[in-house]
Amino acid sequence: MVRQLDYHDMRAVFTRFQQAEPEPKGELEHVNAFTLVVAVALSAQATDIGVNKATRALFAIADTPAKMLAIGEERLMEYIKTIGLYRTKARNVIKLSQILVDQYGGEVPSSRAALQSLPGVGRKTANVVLNMWFHQPAQAVDTHIFRVGNRSGICPGRDVDVVERAIEDNVPAEFQHHAHHWLILHGRYICVARKPKCGICPIRDWCLYEDKTE
DNA sequence: ATCCCGAGGG
DNA sequence: CCCTCTGGAT
């Protein structure tokens, strides 16, 4: 039996998030749609801090698909070698850049199908781009949101698809667009994986998580 | 279910 | 040492 916060508690929780951070933003650095796609693709199983450290130098010389192709896979690998899974990511970014040049005039497509057809871009990355760049009602579920959603009862689910639906179905409409970043930031700084900081949690009154250490 | 895979925290 | 980090492809 999965417990899910009721409508009243959901409103209270997101009102708290909104008061603390009226305009939450992601912390992945990017300068256009292309660099956003690349940054999000690179962020798989990596911290945004580590990704930013690598992309700062990379995007200074390669902020378009054409420039990325000019650099090539070998040199790209050197830039992102400090990020996990770097071989696969380098290959995907080069392939993806080639497809954007060949099929989309060097632009980033705005449809989910086109985004997800790019190598290294799955549902989660596509949803981030749709939400952040194209301002579409898409809910990306990452490791933070999956954990926070299940612990708290905000958006529980056995897999990410169920959690995504729980957000769409149960987060009040006016909070939908910012829900992604509110939940991520909460997971990153308060509801952390190992030892959640329930002592300083702003939504503790409504959370269903049983903290046995305090 | 498995592999990919470095950096940082505890 | 072990765990975690805005996953995706096979």
Side-chain angles (χ1 to χ4, degrees), chain A residues 17 21 24-30 33-59 73-74 76-99 108 112-134 136-152 154-155 157-164 166-167 171 176-197 199 213:
Chain A
F17 285 148
E21 198 78 52
K25 290 185 176 180
E27 298 179 334
L28 274 177
E29 295 174 12
H30 59 281
F34 173 67
T35 50
L36 174 61
V37 172
V38 174
V40 178
L42 292 179
S43 74
Q45 301 294 290
T47 62
D48 59 336
I49 307 267
V51 173
N52 289 339
K53 196 176 296 181
T55 58
R56 200 148 1 213
L58 175 64
F59 293 161
E73 191 172 324
E74 294 304 318
L76 170 57
M77 222 181 283
E78 293 305 317
Y79 278 96
I80 66 172
K81 213 170 177 77
T82 54
I83 305 176
L85 318 177
Y86 68 94
R87 271 184 257 266
T88 307
K89 288 172 180 176
R91 193 183 326 127
N92 285 335
V93 168
I94 293 299
K95 279 190 185 173
L96 161 170
S97 298
Q98 188 69 59
I99 293 174
V108 173
R112 177 202 303 292
L115 287 168
Q116 282 190 225
S117 75
L118 301 171
V121 178
R123 188 176 182 85
K124 182 262 176 180
T125 298
N127 278 339
V128 171
V129 175
L130 288 171
N131 179 305
M132 288 182 65
W133 195 263
F134 295 108
Q136 297 297 304
Q139 294 299 339
V141 179
D142 72 328
T143 179
H144 292 302
I145 295 179
F146 186 78
R147 180 184 65 252
V148 171
N150 278 295
R151 265 186 189 160
S152 65
I154 291 173
C155 47
R158 285 141 192 85
D159 58 62
V160 293
D161 294 317
V162 176
V163 171
E164 183 177 326
I167 296 172
V171 175
Q176 286 269 335
H177 185 252
H178 288 314
H180 174 69
H181 286 133
W182 279 324
L183 291 169
I184 283 219
L185 294 174
H186 184 64
R188 183 175 296 163
Y189 298 112
I190 306 289
C191 195
V192 296
R194 296 205 182 163
K195 247 186 158 186
K197 303 173 181 176
T213 67

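Labels below follow one simple rule: chain letters A, B, ... track the order of the sequence lines, proteins then strands, and each chain is numbered from 1.
- Between A/Thr47 atom OG1 and A/Arg188 atom CZ the span is 8.5 Å, to the nearest 0.5 Å.
- Note that CD of A/Glu29 is 9.0 Å distant from CD1 of A/Ile49, once rounded to the nearest 0.5 Å.
- For the pair A/Ala140 and A/Ser117, both in contact range of DNA chain C, the more 5′-proximal nearest nucleotide belongs to A/Ala140.
- Rounded to whole Å, the P atom of C/dG8 lies 24 Å from the corresponding atom of B/dG8.
- In this structure, CD in A/Glu164 is found 11.0 Å from NE2 in A/His180, a value given to the nearest 0.5 Å.
- Spacing between B/dG6 and C/dT10 at atom C1', rounded to whole Å, works out to 22 Å.
- One finds the CD1 atom of A/Ile94 at 9.0 Å from the CD atom of A/Gln98 (value rounded to the nearest 0.5 Å).
- When the C1' atom is used for both C/dT4 and B/dC4, the distance is 16 Å, rounded to whole Å.
- For B/dA7 and C/dA9, the P atoms lie 24 Å apart once the distance is rounded to whole Å.
- Atom-to-atom, CG of A/Leu42 to P of B/dC4 comes out at 19 Å; the value is rounded to the nearest Å.
- Side-chain proximity of A/Arg194 to the nucleotides B/dG10, B/dC5, C/dG7 is greatest for B/dG10.
- Checking the phosphate oxygens (OP1, OP2) of C/dT4, no side-chain nitrogen or oxygen of A/Arg188 falls inside 4.0 Å.
- Listed pair A/Arg123 / C/dG8 fails the phosphate criterion, with no side-chain N or O lying under 4.0 Å from OP1 or OP2.
- With rounding to whole Å, A/Leu85 atom CG is found 13 Å from C/dT4 atom C1'.
- A/Asp48 places its CG atom 13 Å from the P atom of B/dG8, with the value rounded to the nearest Å.
- Residue A/Thr82 has its side chain nearest to B/dA7 when only B/dA7, C/dG7, B/dG9 are considered.
- Other residues, nucleotides and ligands contribute only 12 or fewer heavy atoms inside 6.0 Å of the NZ atom of A/Lys95.
- Comparing A/Gly120 and A/Ile145 along DNA chain C, the residue whose closest nucleotide (by nearest heavy atom) sits nearer the 5' end is A/Ile145.
- Between A/Arg87 atom CZ and C/dT10 atom P the separation is 18 Å, expressed in whole Å.
- Closest to the side chain of A/His180, out of C/dT6, C/dG7, B/dC4, is C/dT6.
- Judged purely by distance below 3.5 Å, without hydrogens or angles, the side chains of A/Asn127 and A/Arg112 pair a donor atom with an acceptor atom.
- Residue A/Gly187 is classed as having no contact, given no heavy-atom separation below 4.0 Å to the nucleic acid.
- In terms of phosphate contacts, A/His144 brings a side-chain nitrogen or oxygen within less than 4.0 Å of OP1 or OP2 of C/dC5.
- Mapping A/Gly84 and A/Lys53 onto DNA chain B via the closest heavy atom, the residue that lands nearer the 5' end is A/Gly84.
- Across C/dC2 and B/dC5, the matching C1' atoms stand 15 Å from one another, rounded to whole Å.
- Across the protein-nucleic acid pair, A/Ile49 atom CD1 and C/dT4 atom C1' stand 14 Å apart, rounded to whole Å.
- Contact annotation for A/Ile83: backbone-only contact, meaning every heavy-atom pair under 4.0 Å involves sugar-phosphate atoms and none involves a base.
- In this structure, A/Asn52 atom CG and B/dG8 atom P are separated by 13 Å, rounded to whole Å.
- Contacts of A/Leu28 with the nucleic acid, taken as non-hydrogen atoms under 4.0 Å apart, include base atoms.
- Using cut-offs of 30° and 60° for the angle between ring planes, the A/Trp133 and A/His30 rings count as perpendicular.
- Closest to the side chain of A/Ala193, out of C/dG8, C/dT4, C/dT6, is C/dT4.
- Nucleic acid contact class of A/Leu36 (heavy atoms, under 4.0 Å, all strands): none.
- For A/Thr125, counting side-chain heavy atoms from C-beta on, the closest listed nucleotide (C/dG7, C/dC5, C/dT6) is C/dG7.
- Distances shown here put a side-chain N or O of A/Thr143 below 4.0 Å from the OP1 or OP2 atom of C/dC5.
- Taking only side-chain nitrogens and oxygens, A/Lys89 never comes nearer than 4.0 Å to OP1 or OP2 of C/dG8.
- Atoms CD (A/Gln116) and P (C/dG7) sit 15 Å apart, rounded to a whole Å.
- Across all strands shown, A/Arg147 has heavy atoms under 4.0 Å from sugar-phosphate atoms exclusively, and none from any base.
- The CD-C1' distance, from A/Glu29 to C/dT6, rounds to 15 Å in whole Å.
- Counting any heavy atom pair closer than 4.0 Å across all strands shown, A/Val51 reaches no nucleic acid atom.
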